[in-house]
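Data block below; observations after.
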Amino acid sequence: MSLTHATFTIERVLNAPPERVFAAYATLEAKMAWFKAPTDIETLHRDFEFRVGGRERFHARWPSGLTSDFQAVYHDIVPNERIILVYDLFHNADKLSVSLQTIELRPEGVTTRLLHTEQGAYFSGGIEAVQSREHGTAWHVDNLVAVIEGREPRALS
């Protein structure tokens, strides 16, 4: 088994105050508006408990038969400033990675600078796995920006 450690940061400026951006993470309904999976997947299990010590899980089956399972624990939440969680990601029964995710919201006048940083240990796939995760994460963040700014989220490419 290989092990790859990597860190990436996705930075965006949103045309909204930190309170509005934070609210997009704070409830399942708000998060599902932008943290979308393609419409052709089947949700097997969905939990969402947004509090320090709370858990989030999104377990789904793709048309190919592959199952993905995101299992997170929230470690730090400071309203309108930051969210820190640790998550395990599985494909089928195989653990792909363990990641520390930090979301920072920095006010800049009437906008918010969002910094999404992930520090991960990837158990297979090497640098390609890291690049794939960064691509998928950027897609989610771009969908957050679109929803906050009143545009339609885009399809995963």
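Numbers here are sequence positions counted from 1. Keep in mind that this is a model prediction, so the values were computed, not measured.
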Closest heavy-atom pair and its distance - [X], [Y]:
X: Ile83; Y: Phe22; answer: CG1-CE1, 3.9 Å
X: Ser124; Y: Ala129; answer: O-CB, 3.4 Å
X: Ala24; Y: Ile148; answer: CB-CD1, 4.1 Å
X: Val147; Y: Arg20; answer: O-NH2, 4.5 Å
X: Phe90; Y: Asp88; answer: CE1-CB, 3.7 Å
X: Leu3; Y: Ala121; answer: CD1-CB, 4.0 Å

Is the CZ atom of Arg12 crowded by more than 12 outside heavy atoms at less than 6.0 Å?
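Counting neighbours around CZ of Arg12, more than 12 heavy atoms of other residues, nucleotides or ligands fall under 6.0 Å, so yes.
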Less than 4.0 Å between a side-chain N and a carboxylate O, is that true for Arg113 and Glu104?
no
Under a 4.0 Å threshold between the charged nitrogen and the carboxylate oxygen, would Asp69 count as salt-bridged to Arg57?
yes
Distance alone, cut at 3.5 Å: any donor-acceptor contact between the side chains of [X] and [Y]?
X: Thr67; Y: Trp62; result: no
X: His45; Y: Asp47; result: yes
X: Thr111; Y: Asn15; result: no
X: Tyr74; Y: Gln101; result: no

Rounded to the nearest 0.5 Å, what separates atom [atom1] in [X] from atom [atom2] in [Y]?
X: Glu118; Y: Ser99; atom1: CD; atom2: OG; answer: 5.0 Å
X: Gln71; Y: Lys95; atom1: CD; atom2: NZ; answer: 8.0 Å
X: Ile10; Y: Asp142; atom1: CD1; atom2: CG; answer: 8.0 Å
X: His116; Y: His140; atom1: NE2; atom2: NE2; answer: 9.5 Å
X: Asp94; Y: Leu66; atom1: CG; atom2: CG; answer: 9.5 Å
X: Trp34; Y: Asn143; atom1: CH2; atom2: CG; answer: 9.0 Å

If you group Ile, Leu, Val, Met, Phe, Trp and Tyr by side-chain heavy-atom gaps below 4.5 Å, do [X] and [Y] land in one group?
X: Phe70; Y: Leu28; answer: yes
X: Leu14; Y: Val110; answer: no
X: Val78; Y: Phe50; answer: no
X: Val86; Y: Ile84; answer: yes
X: Leu85; Y: Val52; answer: yes

Can you confirm whether [X] sits close enough to [Y] that some side-chain heavy atom of one is under 4.5 Å from a side-chain heavy atom of the other?
X: Arg46; Y: Met32; value: yes
X: Phe123; Y: Val98; value: yes
X: Leu105; Y: Asn80; value: no
X: Glu56; Y: Lys31; value: yes
X: Glu49; Y: Arg51; value: yes
X: Pro63; Y: Ile41; value: yes

Over 60° means perpendicular and under 30° means parallel, so tell me whether Phe58 and Phe35 are parallel, tilted or perpendicular.
perpendicular
Report yes or no: does Thr112 contribute a side-chain atom to a donor-acceptor pair with the main-chain N or O of Ala16 at less than 3.5 Å?
yes
Going through the distances and angles, do Thr117 and Thr102 end up as a side-chain hydrogen bond (donor to acceptor under 3.5 Å, both in side chains)?
CA-CA 5 Å; Thr117 302; Thr102 303; over 6 Å; no
Between Arg133 and Ser97, does a side-chain hydrogen bond (donor to acceptor under 3.5 Å, both in side chains) hold up when you go through it step by step?
CA-CA 10 Å; Arg133 180 73 52 80; Ser97 63; 2.8 Å; yes
Could you walk me through whether Val130 and Thr4 pass the side chain to side chain contact (heavy atoms under 4.5 Å, CB included) check?
CA-CA 8 Å; Val130 177; Thr4 303; 4.2 Å; yes
